[in-house]
Structure formats: structure tokens, C-alpha cells
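The structure presented is a predicted model; accordingly, all values stated were derived computationally and were not measured. Below, chains carry the letters A, B, ... as their sequence lines are ordered, and counting in each starts from 1.
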Amino acid sequence: MTMRGSDRATVALLAIGVAGITGAGCGAGDGAELTGSSASDLGSANLVISQVYGGGGNSGATYKNDFVEIFNRGASSVSVANWSIQYASSTGSSWSVTDLSGTISPGHYYLVEEAAGSGGTTSLPTPDAVGTISMSATSAKVALVNSRTALTCGTSCVPSSSIADFVGYGSSASSFEGSGPTATLSNTTAALRVGAGCTDTDNNASDFTAGTPSPRNSATTPASCGQVDAGTVDSGRLDSGTVDAGSDAGAVDSGSGVPILPSPTLPPVAMSTLTFGAFGDIRPANPNDTAGYPDGIVSAIFAGLQTQGIRLAVDAGDHCFQSSISSGSYCHTQFVSHFMADKAANYSGALLPTMGNHEGCGEDAATSGNCTSWTSGLIHDYLVDIVQPTTGQSAFPYYSVVVYGAWGTAKFIHVAANAWTSAQDTWLTNTLNVPTTYTFAVRHEPFNDTRAPGVTPSESLYESHYAAGTLTLSITGHNHLVQLPGGTLPYGDSFGATQPYETILGNAGAPLDAGPYYGYAILTRRASDGAIVTQAYEAVSSDGVTSLHNAADTSFRFAVNANGTSNANTTLP
Amino acid sequence: MRIAIALLSASLVLSSGAACTGRSTDPDSVEISAEAGPYVKKLESAVPVTDAVAFPVEASVTGTDPAPALLEVPRVAAAFEPTGHFRVQIWANAANTHTLLDANGRGAVPVNEARFLWGAGRLYVFFYAGDLDLQAHTTKHDGPVWDDDSVAFTFGDPDGAKRIVQISISGVVADGICPADAAGLSDTRCDLRWESGVRARTDFDGTPNDIRDRDEEWAVEAAVPLGSLGLGSAGAGTRVPFSIRRCEMAHDGPRSCGTWGERPRESGVLVLAGR
């Protein structure tokens with residue numbers, strides 16, 4: 001599937017405002033693909049057929065019924081009222097129609113049950129729509145259509161304004177997307193869209209593999225494609241051809257040369273130069289005190305990033321403060337009406353947030369709290385109110401993204417130490433193992449705050465990768481100050497060492513613990529030697545009155561090499 | 001009796017019906033009665049008294065004296081007990097010092113702020129302090145809480161004797177009456193026999209006396225009986241000379257201090273509002 005004409009226009013507009021960040025091929029950095037390379041004009045950019053199985057009820061089959069599975073790989077719900085799934089034989093032009101209804105939420109699947117056979121042992125999961133089409137087990141055509149009017153095509157069915165997605169399966173299919181149909185199927189194999197349904201390059205031959213049928217319905221745990229919604233995130237359109245969260249994570253995408261990170265990961269982002277902002281800890285002093293939210297400081301930080309031309313920023317978490325001993329939706333209000341509103345009013349670039357302990361679980365969102373489920377509570381609000389609008393996914397509090405350009409590749413790994421699970425541990429292990437030129441790990445708590453459940457296990461991984469030269473820098477917050485790698489506070493004070501690869505940037509509005517100002521940092525790759533130079537900037541002085549906007553504080557500046565070692569040359573790029 | 005009243009006015013300048021901002025010119029200012037007898041008695045025993053220190057607050061804001069820092073303190077309808085936890089329904093509209101200032105007049109770091117309410121015969125205070133390094137060793141009442149992370153509330157005219165209530169992060173209270181030039185309760189001239197009757201609860205996030213993991217913050221919520229301050233008949237418009245000081249105590253010794261209403265920069269006054 002490719003984008004609609006209207007989507008292409010939107011993305012093109014975004015590209016104008018996003019100098020340096022594009023969805024272009026590796027190293028291009030010219031925004032060429034932001035205008036899209038649509039081969040079809042499809043009904044929805046985000047609904048795809050994610051699985052086709054015609055062997056149901058046949059000899060040797062497990063499932064009793066044929067089925068077609070739909071997946072919403074986008075960031076917004078899509079109504080399928082008056083839509084249909086249509087089927088034609090491999091060479092035919094007579095189409096059978098199964099009506100659809102309802103809405104498919106982001107990351108959710110939708111199961112369309114078709115005819116049963118005499119065999120099979122297992123019923124499908126509860127279908128979301130039911131039809132009576134008897135599908136070929138080996139080769140045929142299936143279309144997701146935004147109307148209930150039967151198609152009439154036999155060949156060259158796509159592009160079509162009414163077809164949202166199209167799958168020609170089996171070698172004899174007379175129409176398909178891209179270079180060819182999927183592999184020929186059987187009574188025991190289905191066509192499975194790779195990347196858990198996320199991958200869509202408009203090529204049936206490469207977007208699907210033949211595998212064991214695994215029907216998923218609307219009740220199935222949602223999946224994250226990490227797709228950034230071009231309408232809400234202005235980091236540029238992310239080339240869907242490079243997105244692959246499937247089992248080949250760790251490989252290099254053949255189309256772009258960009259490393260593929262394990263899911264959950266966002267689509268890669270192209271940047272002509274590697275430069276990004278960083279800040280952390282944005283909350284009022286007291287719980288529930290929304291009136292005390294540091295809007296002035298947060299706005300000044302976002303305005304500073306904007307003024308300096310920053311188009312990508314990371315934050316280290318703690319966007320709100322709500323007490324567990326009182327009811328109410330204080331964090332929700334602080335997320336939406338303060339943090340995100342301050343961002344919208346002052347900064348048009350992309351933001352990659354990190355979960356802090358104040359978005360977590362436990363009494364008063366304590367540092368020791370841990371969320372192993374994130375379907376309710378503060379973490380749910382955080383995912384919906386901040387993560388969703390900034391990254392396009394709300395299924396995971398941890399995620400990664402690859403940034404790439406002619407200068408190389410960098411991966412940003414956002415660890416959620418207060419939502420620590422074995423799955424996150426595995427994800428982090430695998431993500432760190434994918435080679436990139438630079439690796440930036442962003443986590444809320446510094447290494448020595450081991451109360452947070454994810455700090456010790458993630459720090460162990462950091463240490464080994466730093467020793468191996470595969471960790472560039474750990475960016476943290478939690479302490480409301482700025483601190484250089486190795487532990488030096490830049491103002492003649494010290495509370496003990498940090499790791500040599502760790503910097504603390506926690507002075508973004510929460511009450512200062514040390515240091516004279518609130519602000520942020522900008523990290524820039526120096527072209528001459530590839531070092532990353534970090535420079536902190538003041539947004540607002542500690543008295544909250546004087547503002548030395550963007551004045552460089554030369555006492556806080558350091559440089560590291562790609563392998564994490566210190567670089568004595570701190571000359572700004 | 002008149003001498004005693006004059007002394008009282010030196011330390012707890014009182015007036016009623018005053019405007020809530022600016023200097024009071026209310027001709028109906030009244031002096032408190034000698035109901036504050038116990039306080040006066042201790043004051044006499046602890047502090048050398050001269051006529052020079054007896055003057056109303058109006059006099060203290062003239063000439064080269066620092067400008068008054070006034071906070072209008074809202075009145076609460078009913079008494080409440082401190083919990084140490086910030087309750088937004090109670091404290092959202094309280095008088096607020098905002099960030100205390102350091103010796104250079106900049107926002108003190110770690111950041112502190114205090115909020116005030118009054119009513120039912122009490123002055124209520126909610127104090128917040130950022131702190132990477134919680135320190136608390138004193139466990140006994142009137143012990144050296146000034147060596148711990150703590151906050152000091154000082155009542156009284158800065159040129160007269162003053163009553164100090166100091167509360168540590170552990171909730172340990174030291175209170176006493178000190179001469180005007182005393183830096184705090186650690187001054188041996190202070191009389192720690194005075195009891196403020198303060199009720200205080202604290203809350204903190206961190207591990208006291210352990211720097212291996214950094215801490216975050218602490219808070220004190222306190223209710224000070226106005227009667228113990230000689231303000232038993234305080235009402236709307238009563239002006240209470242007041243200052244607040246918090247000095248960060250770290251594992252390797254004291255660090256910076258933040259203050260509000262403290263000379264020589266300013267002369268703090270809490271003005272009790274009618275509602």
C-alpha cells in the first residue's frame with residue numbers, strides 16, 4: 001500500500017518545515033521521498049490485509065474456516081463501516097463480497113471469517129465480520145475495498161481509488177501489488193504480512209511470507225508499528241519501506257541500508273546532520289499542583305530549541321506530578337494542557353519522550369514503582385497523551401528509533417526503568433546488539449538510583465556495551481541538575497560520580513537540586529572527527545525572572561567519540 | 001505592663017484592620033494584651049531588653065530599612081491536621097513565597113518555597129525543599145536540628161527578640177526565643193525552654209544519610225498555634241513579622257541557604273487576611 005494523494009500533500013508540506021530530517025533513503029537527506037512514490041491511490045494509508053488463509057477446513061488444516069485478517073498499522077482509528085473484503089479466483093474477474101462494519105483502532109487486528117470446510121479441528125477466534133466465501137487454498141486475489149460494490153477487474157486491479165489494500169496470493173494470481181504475488185499457499189500455510197502486519201512496501205512478493213496461520217481479531221493484544229503519524233509528528237514522513245519490526249531485526253534493510261531494530265521501534269528518520277536537543281524533568285514541586293506547573297520554563301526550553309533550529313529532541317521523563325492518595329486526573333491535565341500545549345506553542349520539531357517514575361506506578365509514583373501493565377493509570381495517560389502524539393504509538397513505554405544520514409547511523413533507545421519486564425530486558429539486549437555508528441540510551445534514572453527496577457539490569461547492559469565501544473552516551477535525568485559524564489557538576493559541587501558514559505540533564509523545570517539555571521542541551525556531531533559535542537543552554541535562571549535565552553554556558557560542555565570515550569576537544573561544531 | 005506590651009510589639013508587631021499590602025496606616029492598630037505573659041517572661045529572662053528595640057512595624061520600614069515583603073495569608077474555614085502531604089485542595093490558593101532567594105538575591109538552589117494559611121487559632125505552613133542528599137541525625141526535641149536538613153520559621157521583628165521554630169525532615173522540632181542578632185537556634189543565647197506547640201508532619205523522597213542513591217525532596221506541613229506566639233487574639237489584618245530560612249545540609253557539610261523575609265534584604269510580614 002502507498003499513500004493517498006492527500007497524504008502525499010501533507011507530507012510534502014511537512015518536509016518544508018523539517019530541514020534536515022526526511023524520510024529519504026540513507027544519506028540522501030533531501031526530502032525526495034517525502035513526496036511519496038505512490039504506485040496506487042488507495043483508500044486508507046494505514047489499513048492493510050495482514051493475513052490471508054484459504055485452507056480452512058481442508059485436509060490437514062487446523063482451522064475450520066478460511067479467513068482474511070486486517071490490521072491498522074497507523075496511529076488513528078479507522079471506520080470500516082460500509083467497507084468490504086472481496087475475493088476473486090486467481091484469474092477471475094467475478095468478485096464475492098463480505099461486508100465489514102465497526103472501527104479498527106490503531107495497532108488492532110480485525111478478523112473476517114469465511115467459509116468452513118469439513119476438516120480442521122479448531123474454530124477461529126471470535127470473528128469481527130463473517131462471510132461465506134470459499135477461498136482457494138493456494139492462489140487467488142483478495143481486496144480490502146472502501147465500499148461494498150463488487151469489483152470487476154481481472155488484471156491490473158491496482159491502483160484504484162476504492163481499494164485500500166490488495167493481495168494476490170499464489171503464483172497464478174492475475175493481479176497483485178508490486179513485482180509479483182505472494183508465495184503459493186497450502187492447506188496449512190497462510191500469507192502473513194511481515195513485521196507483525198506493519199511492513200507495507202506495496203509489493204505482495206516481499207511483504208508477505210508463507211507461514212502457519214495465526215488468526216488475530218480485535219481482542220488480540222495490539223501491535224506497535226512505531227509508525228509516526230505524519231499529521232501529528234513533524235519529524236518528516238518515515239519511509240515505510242524501511243520499517244521492519246519482524247524476525248529479521250538486526251539485519252540491514254535491503255532497500256535503504258538502515259539497520260533494523262527489534263520491535264517496538266519507530267520508523268527510521270533521515271537527518272542530513274546529526275544534531276538533537278535533550279532535556280529532562282518537567283514537573284511541579286508538589287503533587288496535583290497543576291497551577292504550579294513550570295510552563296514558563298518549559299515554554300522557554302521549547303522556544304530555545306526552536307530558535308536554535310533543532311528538529312529532534314529527546315526528553316528524560318517526569319512530565320507531571322500526581323499523588324496516589326488523591327483521585328483526579330492531574331497528570332492527564334498536566335500532560336495535555338501544559339507540557340504538550342507548551343510544546344505546540346513553541347516548538348515544531350519532533351520529540352522522543354521517555355517514561356519517568358512520575359508517569360509510573362506505586363505510591364506517589366515512587367522511584368521504586370514498577371508498571372508491568374500499562375492499560376490504566378498514569379502510565380496509560382502518559383502513553384495516550386504524550387507518547388502517542390509524538391511517536392505515533394501508544395502500546396509501549398519503551399521504544400527505539402534509528403536516525404541515519406551520510407554521516408552514518410544512530411540509534412536512540414528509550415528505556416522505561418519503571419515499567420521493567422523481561423520483555424523489555426530482551427528488547428533492550430537485542431536492540432543494543434544491532435550495530436550503529438552511534439548509540440544514545442535515554443533513561444530517566446541515573447545509574448546509581450537502583451530503586452528503579454530497570455536501572456540495574458539496563459545499566460549492566462550499558463556497561464558491557466560501553467566496554468565494547470558500542471555505547472556512545474547515556475542520557476538521564478531524575479536529579480534536577482546538569483552533570484557531566486564522570487560525575488562533575490559544572491558549578492564546583494559534587495554529589496558523587498556518575499558513569500563515564502552518563503550525563504544528567506534534569507533541569508527542565510522541576511525544582512532545581514543544583515546549578516543555577518533551567519534549560520536544555522544540544523548534542524551535535526562534529527564533522528571533522530565524528531565526535532558528539534554536548535553543550536548546555538540556559539532557558540530561564542533559577543530565580544524564574546531573568547532569562548538569558550540561549551546563552552551558552554561554557555562550563556557545561558563535553559565531547560565524546562562514537563565509541564563513548566571522552567574527547568578532549570570540546571570545540572563546538 | 002506598658003513595658004511588657006512595648007516589648008511584645010518589638011517582637012511581634014501587631015495591628016488589626018490593616019491593609020493587606022503596603023505599610024499599615026490604620027489608626028485602629030491595637031496592642032496585644034498581656035495574655036502573652038509566658039512569652040514575655042521567657043523573653044525577659046533570655047534577652048537583654050532596651051527601649052531601643054521597642055517600635056512598631058511601621059517604624060521598621062522607614063529610612064534605610066529594607067522594604068517589607070508582604071504576604072497576604074488566606075484564612076481557612078476550619079482547622080486541619082498536618083499530614084506532610086501536599087493537598088492541593090487546601091494549599092492551591094495559599095500565600096506563596098515562591099522560590100526562596102540566596103544571598104545574592106537569586107533563586108536559591110536547591111529550590112525551596114513556602115505557603116501559608118491561617119485560621120482556627122493557627123498559622124499553617126507548607127514548605128517544600130528539593131534535596132539530593134537528605135541528612136537527619138537529631139532525634140530529640142530541641143536537639144540540634146540545625147545540623148540536619150531542616151527549615152526555620154522566625155517570628156518577630158528583626159530588631160527585637162524572635163521566636164524560632166525549626167523542623168527537620170524527620171519531624172523533630174526545636175523551638176526557642178533568641179536575641180535579635182542571633183543567627184539561629186544554634187546560638188547559645190537562645191532560650192530553648194519556650195515551646196511553640198507546633199504540630200508538624202514531614203514527608204521525604206529518598207534515603208536519609210546515604211548518598212549512594214541520590215534523593216529528591218522533602219516537605220514539612222506545620223500548624224503553629226498563634227497563641228504561643230502571643231497572637232491569641234489575632235484577626236484579619238494582623239501583621240506578623242516573619243522570615244524563613246532553609247540551609248542545605250549535605251553529607252560533607254552545609255551548603256547554600258535560601259530565605260524569604262530575612263534582613264538585610266527584606267523585612268517579611270505575613271498579613272492575616274479576612275478570608
**Item:** Min side-chain heavy-atom separation Arg214(B)-Thr367(A) under 4.5 Å
**Value:**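 No - every pair of side-chain heavy atoms lies 4.5 Å or more apart.
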**Message:** Out of Glu248(B), His98(B), Arg115(B), Glu113(B), return the one with the most heavy atom pairs under 4.5 angstrom to chain A.
**Reply:**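 Greatest number of close heavy-atom pairs with chain A: Arg115(B).
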**Asked** Looking at NE2 of His478(A) and CG of Leu132(B), how far apart are the two atoms once the value is rounded to the nearest 0.5 Å?
**Response**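 Between His478(A) NE2 and Leu132(B) CG, I get 9.5 Å after rounding to 0.5 Å.
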**Message:** Does any backbone or side-chain atom of Asn507(A) lie under 4.5 Å from a heavy atom of chain B? Answer side chain, backbone, both or neither.
**Reply:**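 Contact with chain B: none, neither part.
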**Request:** Below 4.5 Å from any heavy atom of chain B, which atoms of Ala291(A) appear? Answer side chain, backbone, both or neither.
**Result:**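 Contact with chain B: none, neither part.
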**Request:** Step through the shown structure and confirm whether more than 12 heavy atoms of other residues, nucleotides or ligands are within 6.0 Å of CG on Asn93(B).
**Result:**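 Incorrect, the count does not exceed 12.
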**Item:** Heavy atoms from other residues, nucleotides or ligands near CZ of Arg199(B) exceed 12 (cutoff 6.0 Å)
**Value:**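 Atom CZ in Arg199(B) is not crowded, with 12 or fewer foreign heavy atoms closer than 6.0 Å.
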**Max heavy-atom pair count under 4.5 Å with chain B, selected residue of Asp449(A), Asp289(A), Thr290(A), Asp513(A)** =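 Ranked by contacts with chain B, first place is Asp513(A).
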**Item:** Smallest separation among heavy atoms of Ala285(A) and Tyr128(B), with atom names
**Value:**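 Reported closest heavy-atom pair: O-CE1, 3.5 Å.
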**Request:** Would you mind checking which part of Glu216(B) comes under 4.5 Å of any heavy atom in chain A, side chain (CB onward), backbone (N, CA, C, O), both or neither?
**Result:**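 Both parts, heavy atoms under 4.5 Å.
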